[in-house]
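Following: one structure in structure tokens, then a few remarks.
Counting starts at 1 for both ligands and their atoms, following the listed order.
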Amino acid sequence: MSEITLRSITKSYGSHLALPSLDLDIPKGSFVTLLGPSGCGKTTTLRVIAGLEQATTGEVVLGGKTVYSSGTGVFVPPERRGLGFIFQSYALWPNMKVDRNITLALSEAKKPAQVIEERLAEALAKVQLTGLADRYPSELSGGQQQRVAVARLIAARNSILLMDEPLSNLDAKLRTEMRTELKRMHRELQATTVYVTHDQVEALTMSDIVVVMKDGVIQQQGSPYEIYHNPANLFVAEFIGDPRINLFDGVLSRSGSERVMRFEDSVISVPAGLQRGDGPVTFAIRPENITIVERQGPFSLPAEVDIVQPTGSQTIISLSVKGHRVTALIPRFETSLPKKNIWIEFPADQLTFFDKGTGNRVPLGAPVLGASHAA
Ligand SMILES: Nc1ncnc2c1ncn2[C@@H]1O[C@H](COP(=O)(O)OP(=O)(O)OP(=O)(O)O)[C@@H](O)[C@H]1O
């Protein structure tokens, strides 16, 4: 069941059309991330759901109740939408101690004192801040302040949570810890969560559904697996994945009765079900699907090693292949490789094809196994 529905939402700021027409259904209890580059309309979408921003036209339905409709003139203000928020700044009250920051909304909602106390204790325990209730926000680290904001959400027990780049002010280590914390919180609260970020790692690690946006338009909506492995278009393919996916120009043609792809002076075999006639095409291969070998095989392409960057458990290798820059990612620590006498190989079934005109992915008619390519 859908807990949040946006229908034909448009939003203009003066003459700037931030959202041309957005339709989105967010299932109850899911963790959905709006992901995209700066200015693509993520925050605007979140603020329209919250009611902090009124859409220009369209409809917003939360939990089956219309909270905004340009047709009927309905507009329910944010405080009556039953939502919890965490934004970039944690918006803690600096003049209130941790306990008051967490329970303020509950006291304002006139909850009984015993309920407030129980929820405070539970929330503090869940974010591991028991014992710090008596401190002011300024007496806490950034990560602890963030946890107070999370505790406030836990205590409020809203069925919808909205988060806008909540981890962006934290250092890398804390960010990783808080990702785990937020994911755990979602599992426990089962609240429908809409999370805004431009960080693909946050999106892939935490979400049930990732919504990739560009210029106010949804490019693809799917599980992290789908977004990563079956990108709908070149924009998604390039935006997701670090190091970035490798892109090349090829030409689909025939060699006798076999369909092949020509890449420079090499011929690469093509997955059997590729739904595309002969002609130019863009093809892509993820860095981790490239293998580096030190002996020429029947299906290898000659390469020259440029830069070797070990990151710990993996090594990023920049290569030159037939005049093209190629990035490979190998699953081990490597400080150097021979510059020459190196070849790359990749399985043809790991190639993704895109239309050169539209940038849309070319579908495969059937799963392909054991494909290969020849140099
Ligand atoms: N109050 C405003 N007045 C005018 N233009 C605005 C306003 N708020 C946002 N915009 C514009 O609308 C577009 C979408 O902005 P939005 O903040 O939703 O993007 P975003 O994807 O959240 O970006 P970021 O990751 O940088 O926060 C941008 O072009 C932005 O400049």
- Closest to atom 19 (O) of ligand 1 by heavy-atom distance, out of Gly41, Pro37, Ser168, is Gly41
- Message: For Leu140, is there any backbone N or O sitting under 3.5 Å from a side-chain donor or acceptor partner on Gln145?
- Response: yes
- Message: I need the atoms of ligand 1 closer than 4.0 Å to a non-hydrogen atom of Thr43, numbered in the order shown.
- Response: 17 (O), 18 (O), 20 (P), 22 (O), 27 (O)
- Query: What are the atoms of ligand 1, with element, lying closer than 4.0 Å to any heavy atom of Gly39?
  - Reply: 13 (C), 14 (C), 19 (O), 20 (P), 21 (O), 23 (O), 24 (P), 26 (O), 28 (C), 29 (O)
- Query: Does a salt bridge link Lys356 with Asp249, judged by any charged N lying under 4.0 Å from a carboxylate O?
  - Reply: yes
- Message: With heavy-atom distances below 4.0 Å as the criterion, list the atoms of ligand 1 near Thr44.
- Response: 14 (C), 15 (O), 16 (P), 18 (O)
- Message: Here's a test for you: under side chain to side chain contact (heavy atoms under 4.5 Å, CB included), which of Leu153, Val196, Ile49 qualifies with Leu162?
- Response: Ile49
- Contacting atoms of ligand 1, where contact means under 4.0 angstrom from a heavy atom of Ala18: 12 (O), 13 (C)
- Selected option - heavy-atom contact closest to atom 25 (O) of ligand 1, from Lys214, Met213, Arg47, Lys42: Lys42
- Within 4.0 Å of some non-hydrogen atom of His16, the atoms of ligand 1 are 11 (C), 12 (O), 13 (C), 28 (C), 29 (O)
- State which residues pass salt bridge (Lys or Arg N to Asp or Glu O under 4.0 Å) with Arg286; sequence neighbours excluded, sorted by chain then number. none
- Message: Using a 4.0 Å cutoff against the non-hydrogen atoms of Cys40, which atoms of ligand 1 qualify?
- Response: 19 (O), 20 (P), 21 (O)
- Query: Apart from Val201 itself, what residues make up its hydrophobic cluster, given side-chain heavy atom links below 4.5 Å?
  - Reply: none
- Task: Taking the six-membered ring of Phe75 (Phe, Tyr or Trp), confirm whether the NZ or CZ of Arg81 is under 6.0 Å from its centre and within 45° of its axis.
- Result: yes
